[in-house]
Protein chains: 2
Amino acid sequence: MPTVSSEELAAAAGVNSAKLRKDFSYLGSYGTRGVGYDVEYLVYQISRELGLTQDWPVVIVGIGNLGAALAGYGGFASRGFRVAGLIDADRAMTGKQVAGLTVRHTDELEPLIKESGVSIGVIATPAGAAQAVCNRLVEAGVTSILNFAPTVLNVPEGVDVRKVDLSIELQILAFHEQRKAGEEAELREAEAADAVQGGKPAADAAARPTAAKKRTGQGPDGDVPAVMPA
Amino acid sequence: MPTVSSEELAAAAGVNSAKLRKDFSYLGSYGTRGVGYDVEYLVYQISRELGLTQDWPVVIVGIGNLGAALAGYGGFASRGFRVAGLIDADRAMTGKQVAGLTVRHTDELEPLIKESGVSIGVIATPAGAAQAVCNRLVEAGVTSILNFAPTVLNVPEGVDVRKVDLSIELQILAFHEQRKAGEEAELREAEAADAVQGGKPAADAAARPTAAKKRTGQGPDGDVPAVMPA
DNA sequence: CCATCTTTGTGCACGCGTTCACAAAGGCAT
DNA sequence: ATGCCTTTGTGAACGCGTGCACAAAGATGG
């Protein structure tokens, strides 16, 4: 398949084709009218725009379970990331092999960063150590930090930080789970009510999943969550 | 501090106070005019709405580095998540202690889910095993899945899946990093150009970080990324 | 008990992103 | 070469979320 139309791509991605074309137009990927986009050229353009064609040396600090998992994560290499070094404060870890690399002691952090030209650092330390590590990374010239420690990091202007909280995703699932349970309960309620007053039960109840509930002052406790844009 | 105003909270969170009030109004948390919101009551209401007051038993499948890291993650307990069990397909892992729990074999997946009333499953297996695990989880009654494996999972209607790709966050950092580098280069370019034609250099150049570049047909390759809403 | 002050809750307007719809453009068959 | 068909690129309209601004409500002090 040498070319694709925006329509095909949009269908595959589950988005609107116009939006897709407009997005492509931002990066100037000229398609051919009447034909579509040249797949190979398109892939290359997007890869370049996203920085996938560049080599990004990365340093991972804190080689516990999470650090080790990250070091061995397959998805990095294919996206242009190269683990330039693993750093841990624990002397017992130093020298060990993890994912084919030797763990080095914190003392070697700065030289490692400078030698390898690292501009992205990953923090997988306990919360207590994160800020100190962060400071050292920034001081050594790192300008982007991916933080897995459950702390908010303070950084100077010009440094990007992204925080990954593994429990937030679970949180979101739980929220929807609760919502599901709540709606079912509400639906049963509504059915019961409809049955009493002889309304059309199932179809009607299913048709208004978020409608009900208008802030009845009573029952502030055990009731179902109010309607809220998720 | 028994109460807070929306203004204080908004400042702390770095958002607009009106938006914050409007958001609160969705869940019906009535504040008191002239005073603010009762902190304790507010915390309780938000916790309840988010499902933090409920107990969410969770099963983790695939106890490699990542699975182990998740099992030991401190942030779970405080948010109402309880690791009900650890499952691994490798007989060599079975019976081992990880984060205070005994790893159980895949055979025990279904009984575990049913006994503990698990409705949320976490997949931390290699990509190849993920879909099979997913199917078994769904079959056993799990309705929410957090997927760390680098695969897209197919699930029936009514089951929520969230995919966590650890490299995507790095990707985003790299993208901005590239952008930074590009802008600096562009800025230097602009300064040079201004110097030649005697314009006011620094202030002007800094004032239009995204303005330049208007799709000059030439130089499709080595040039700086086009302007694009991040 | 009334006046004043603070802070909430919300109608309204603005702005941005998405979607629609269509003219322009290129391919392809006749 | 000409006309038709397909698909792009984009101007315009729509919808939604955010921010502004103010009236209503409660507290507080005289």
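Keep in mind the model is a prediction, meaning the values are calculated, not measured. The sequence lines fix the lettering, A, B, ..., with proteins before strands; numbering per chain opens at 1.
Nucleotide D/dA27 holds its P atom 15 Å from the OH atom of B/Tyr37, rounded to whole Å. Taking atom CG on A/Asp38 and atom C1' on D/dT8, their separation rounds to 15 Å, with Å as the unit. We find that OH of A/Tyr26 is positioned 10 Å from C1' of C/dT18, with the value rounded to whole Å.
Of the listed residues (A/Ile60, A/Leu70, A/Ile123), just one forms a side-chain contact (heavy atoms from CB on, under 4.5 Å) with A/Phe148, and that residue is A/Leu70.
Between D/dT8 and A/Ser6, a contact under 4.0 Å exists linking OP1 or OP2 to a side-chain N or O.
At a cut-off of 3.5 Å, with distance as the only test, a side-chain donor of B/Asp165 or A/Tyr73 sits close to an acceptor on the other residue. Side-chain contact check for A/Gln45 and A/Tyr41: at least one donor-acceptor pair (N or O, by modelled atom type) lies under 3.5 Å.
Around the CD atom of A/Glu139, the shell of radius 6.0 Å holds no more than 12 heavy atoms that belong to other residues, nucleotides or ligands.
For B/Gln131 (side chain) and B/Asn154 (main-chain N/O), a donor-acceptor pair under 3.5 Å exists by modelled atom type.
With C/dT8, D/dT10, D/dA27 as the choices, the nucleotide that has an atom nearest any side-chain atom of A/Ser25 turns out to be D/dT10.
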Could you run down the sub-3.5 Å N/O contacts of the protein with nucleotides 19-21 of chain C?
{"from": "C/dT19", "atom 1": "O4", "to": "A/Lys22", "atom 2": "NZ", "distance (Å)": "2.9"}
{"from": "C/dC20", "atom 1": "OP2", "to": "A/Asn16", "atom 2": "ND2", "distance (Å)": "3.1"}
{"from": "C/dA21", "atom 1": "N6", "to": "A/Arg21", "atom 2": "NH2", "distance (Å)": "3.3"}

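Ranked by how close their nearest DNA chain C nucleotide is to the 5' end, A/Arg33 and B/Gly34 are led by B/Gly34.
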